[in-house]
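Scope of the values below: all heavy atoms of this structure, side chains included, with no hydrogens, waters or symmetry mates.
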Amino acid sequence: MQKPFPAHWEQILRAHVAFFEALDEEGKARFRQLVQIFLDEVRITGIRTEVDATIRVLVAASAAIPIFGFHDWEYRRLREGLIYPDSFDDAYQSHGGADETILGMVGLHHLSGVMILSKPALLAGFADESGHHNVGVHEFAHLFEKEASEYGLPPEVRPLVQVVDDWF
């Protein structure tokens, strides 16, 4: 947190994240902080695809949006985000098969601590001006709900998670 927020990350947020653009200056400062902390603590790995600054910042923005209203919240179990080149199946395979329809998933069982996101779906979610189809925000809302139920769910979270789930 001692390092200044990189200018190219700021450009990515301004160009792609309507949620960030709608915030006042105090909110933007907090959002930048959440992005910085997330990227310092969670590894983002491309699986047969390149992960550039845009992808890293959009994953972090996806993580920040669901928890933005909860000032002391952090994802406790997430260690890594895997970025797939396309959709995948329930065996986490992405080879262009017809049954590869999953766009994002919070890791379960042996993949606990891992989030998997389709790169094209992540980009499309932030390109969708309606904001209704953001797979990154959707999956992080599920992770937030899962972790909040394990670590103590504030009463105001359940309606929020339902709204986010319905919206995205």
Side-chain angles (χ1 to χ4, degrees), residues 1 5 9 12-13 16-24 26-47 51 54-84 87-88 90 92 101-168:
M1 292 308 306
F5 194 79
W9 290 7
I12 293 165
L13 290 176
H16 299 283
V17 184
F19 183 94
F20 175 78
E21 278 295 285
L23 297 171
D24 61 18
E26 184 180 331
K28 285 179 180 171
R30 183 166 184 289
F31 197 90
R32 288 182 198 101
Q33 183 180 36
L34 290 173
V35 166
Q36 233 171 338
I37 290 169
F38 182 88
L39 291 175
D40 186 53
E41 295 178 353
V42 178
R43 184 175 49 246
I44 309 296
T45 305
I47 305 298
V51 172
T54 298
I55 297 300
R56 289 174 43 80
V57 170
L58 294 181
V59 171
S62 297
I65 290 169
I67 64 169
F68 188 77
F70 302 93
H71 289 276
D72 293 326
W73 186 264
E74 62 183 54
Y75 297 101
R76 292 172 172 90
R77 292 192 177 171
L78 188 63
R79 298 178 321 274
E80 184 172 22
L82 300 179
I83 306 302
Y84 276 30
S87 56
F88 50 96
D90 56 7
Y92 316 110
T101 60
I102 302 171
L103 301 176
M105 178 182 291
V106 176
L108 303 171
H109 311 297
H110 65 287
L111 284 179
S112 183
V114 175
M115 167 85 61
I116 304 170
L117 296 170
S118 158
K119 182 177 179 177
L122 176 70
L123 291 168
F126 283 100
D128 177 17
E129 292 183 18
S130 74
H132 289 280
H133 303 287
N134 191 311
V135 70
V137 174
H138 177 93
E139 292 305 323
F140 276 101
H142 281 299
L143 180 59
F144 174 55
E145 178 183 33
K146 181 180 180 201
E147 287 193 4
S149 66
E150 292 174 11
Y151 294 106
L153 186 63
E156 67 272 15
V157 172
R158 284 238 181 254
L160 171 69
V161 170
Q162 186 60 52
V163 167
V164 168
D165 198 32
D166 291 345
W167 188 260
F168 295 104

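Interatomic distance, Thr54 OG1 to Leu123 CG, rounded to the nearest 0.5 Å: 8.0 Å. With values rounded to the nearest 0.5 angstrom, Ile12 atom CD1 is found 9.0 Å from Trp9 atom CH2. Put simply, CG on Asn134 and CD on Glu139 are 10.5 Å apart, with the number rounded to the nearest 0.5 Å. One finds the CG atom of Leu39 at 5.0 Å from the CZ atom of Arg56 (value rounded to the nearest 0.5 Å).
Minimum heavy-atom separation, Ser118 to Ser87: OG-N, 3.9 Å. Residue Leu13 comes nearest to Ala61 through the heavy atom pair CD2-CB, 4.2 Å, listed as atom of the first residue, atom of the second, then distance. When all heavy atoms of Glu147 and Arg76 are compared, the pair lying nearest together is OE1-N, 2.8 Å. Taking each heavy atom of Ala60 and Val35 in turn, the nearest pair found is CB-CG1, 3.8 Å. Listed here is the closest heavy atom pair of Phe5 and Arg32: CE1-O, 3.3 Å. Across all non-hydrogen atoms, the minimal contact from Ile67 to Arg30 is O-NH2, 4.2 Å.
Leu122 is listed as a side-chain neighbour of Ser62, based on a closest heavy-atom distance under 4.5 Å. Side-chain atoms of Leu58 and His16, non-hydrogen and from C-beta on, do get closer than 4.5 Å to each other. Using a 4.5 Å heavy-atom threshold, the side chains of Gln33 and Ile37 count as touching.
Among residues two or more places apart in sequence or in another chain, the side chain to side chain donor-acceptor pair (under 3.5 Å) test is passed with Lys28 by none. Partners of Ile47 according to the side-chain contact (heavy atoms from CB on, under 4.5 Å) rule, which considers only residues two or more places apart in sequence or in another chain, are Thr45, Leu82, Tyr84. Residues satisfying the ring pair (Phe, Tyr, Trp, His ring centres under 6.0 Å) test with Phe19, not counting sequence neighbours, are Phe31, Phe68. Listed by chain and residue number, nothing satisfies the side chain to side chain donor-acceptor pair (under 3.5 Å) test with Glu41 (two or more places apart in sequence, or in another chain). In this structure Val42 satisfies the side-chain contact (heavy atoms from CB on, under 4.5 Å) test together with Phe38, Ile44, Leu78, sequence neighbours excluded. Listed by chain and number, the residues in a salt bridge (charged side-chain N to carboxylate O under 4.0 Å, His left out) with Arg43 are Glu80 (sequence neighbours excluded).
The main-chain N or O of Leu143 is never found under 3.5 Å from a side-chain atom of Tyr75 such that the two would form a donor-acceptor pair.
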